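These figures come from a predicted structure and were not determined experimentally.
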Amino acid sequence: MMDILKYMESGIIEAYCLGQLSFAQMREVELISQRHPEVRAEITQTHAALHTSTTKTPELRARKEKIIHTLRQLRMEQDMTLYQLPLLTPYSDYRRWLTVVGTLKPTHHMEDMDLCILQQTPDVMQTLIWMKTAIAEDGHDPDSFQESFLVLEGECECDFDGEIVRLSAGGYVAIPPNTPHIIRNLYPERLLLGVMQRYRAAA
């Protein structure tokens with residue numbers, strides 16, 4: 001059964017209203033909205049926030065700020081450099097990321113995995129990961145960071161405490177908070193390349 005709340009919080013409604021989805025993805029949102037009134041209401045409210053020049057309610061203001069934040073990240077991605085990286089989102093262009101960070105190489109003595117920190121601030125840490133087999137984390141995060149992963153090259157299987165998600169190049173996953181997880185390279189003869197992000201959203 002689909003988790004409608006998680007679906008609406010994924011950012012897909014904002015992307016739909018901004019015209020960022022493919023035709024097939026837009027059609028999927030429309031079909032889901034026909035079956036779920038709460039999704040239809042979310043689309044209506046997001047459109048209202050986009051087209052209202054002055055937002056009078058805190059809810060509309062917060063919604064508009066989220067949309068503007070998404071637009072800023074999309075614009076940043078167009079002009080990104082190794083020294084100015086945007087946040088990862090479900091709509092990040094992995095080809096653009098690969099163009100910028102793909103020139104970096106693992107160390108010659110790499111065994112199973114190698115890491116390169118791309119940026120680190122009190123609120124954001126982005127790490128480029130080369131992996132032969134797997135990485136595992138216990139999911140305990142006392143600092144309430146949101147963790148996500150974008151695959152740049154290769155294919156992997158993400159195991160979130162028994163829930164399996166398979167990703168290939170361009171695949172993005174938001175890791176459920178405080179959930180043990182394992183990311184496995186499905187083809188260990190080739191390195192899996194991806195970006196891991198830990199982000200603390202503003203309160």
For I182, does its backbone N or O pair with a side-chain atom of E137 as donor and acceptor, under 3.5 Å?
no

Taking every heavy atom of C158 against every heavy atom of V173, the minimum-distance pair comes out as SG-CG1, 4.3 Å

Within the 4.5 Å heavy-atom criterion, are H181 and E147 side-chain neighbours or not?
yes

What distance separates L152 CG from T99 OG1, expressed to the nearest 0.5 Å?
10.0 Å

Could you give the distance from CD (Q34) to CZ (R40), rounded to the nearest 0.5 Å?
8.0 Å

Nearest 0.5 Å please: distance from the SG atom of C17 over to the CD1 atom of I43.
6.0 Å

Could you state whether L167 and M131 fall into the same hydrophobic cluster, counting links through intermediate Ile, Leu, Val, Met, Phe, Trp or Tyr residues with side-chain heavy atoms under 4.5 angstrom apart?
yes

Indicate whether the side chain of E30 and that of Y16 have a donor and an acceptor atom separated by less than 3.5 Å.
yes

same_hphob_cluster(I12, I175) at 4.5 Å side-chain heavy-atom cutoff:
no

L88 side chain near Y199 side chain, heavy-atom distance below 4.5 Å
no

What about L118 and M196, same hydrophobic cluster or not, with Ile/Leu/Val/Met/Phe/Trp/Tyr joined at side-chain heavy-atom distances under 4.5 Å?
no

Can you tell me if Q126 uses its side chain to pair, donor with acceptor, with the backbone of P86 under 3.5 Å?
yes

Heavy-atom distance under 4.5 Å between the side chains of V124 and R198, does that happen here?
no

Verify same cluster id: L193, L150 (apolar side-chain graph, 4.5 Å)
yes

Within a strict 4.5 Å, meaning less than it, do heavy atoms of the V100 and L85 side chains meet?
yes

Is there a side-chain contact between E28 and L31 in this structure, where contact means two heavy atoms from C-beta onward sitting under 4.5 Å apart?
no

Which heavy-atom pair separates R95 from D93 by the least distance, and what is that distance?
N-OD1, 3.0 Å

Distance, nearest 0.5 Å, that separates CD of E153 from CG of L191:
9.0 Å

Using 4.0 Å as the upper bound for N to carboxylate O, is an ion pair formed by D123 and R200?
yes

Indicate yes or no for a side-chain donor-acceptor contact from R96 to the backbone of M80 under 3.5 Å, with no hydrogens or angles considered.
yes

Under a 4.5 Å cut-off applied to non-hydrogen side-chain atoms, are E155 and L192 in contact?
no

Would you say the side chain of I117 lies within less than 4.5 Å of the side chain of M125, judging by non-hydrogen atoms?
yes

Shortest non-hydrogen separation from Y94 to A169 and the atoms involved:
CE1-CB, 3.7 Å

Output the distance between atom CG (D112) and atom OG1 (T133), rounded to the nearest 0.5 Å.
3.0 Å

When you measure from the side chain of K132 to the backbone N and O of E111, does any donor-acceptor pair fall under 3.5 Å?
yes

Heavy-atom pair with the smallest gap, counting every atom of D114 and T107:
OD2-N, 2.7 Å

Donor-acceptor pair, distance only, cut-off 3.5 Å: does the side chain of T81 make one with the backbone of Y83?
yes

Taking the side chain as every heavy atom from C-beta outward, state whether C116 and W130 have any atom pair closer than 4.5 Å.
yes

From CA spacing to verdict: salt bridge (charged side-chain N to carboxylate O under 4.0 Å, His left out), E157, R166
CA-CA 4 Å; E157 181 181 84; R166 188 167 177 164; over 6 Å; no

What's the separation between atom CD1 in I183 and atom CD1 in I129, rounded to the nearest 0.5 Å?
6.5 Å

Show your reasoning for whether side chain to side chain contact (heavy atoms under 4.5 Å, CB included) applies to V165 and F160.
CA-CA 8 Å; V165 177; F160 302 118; 3.9 Å; yes

With hydrophobic residues grouped by side-chain heavy-atom distances under 4.5 Å, do L115 and V101 end up in a single group?
no

Heavy atoms of S148 and Y172 approach each other most closely as CB-OH, 3.4 Å

All heavy atoms of T46 vs all of I13, minimum pair found to be OG1-CG2, 3.7 Å

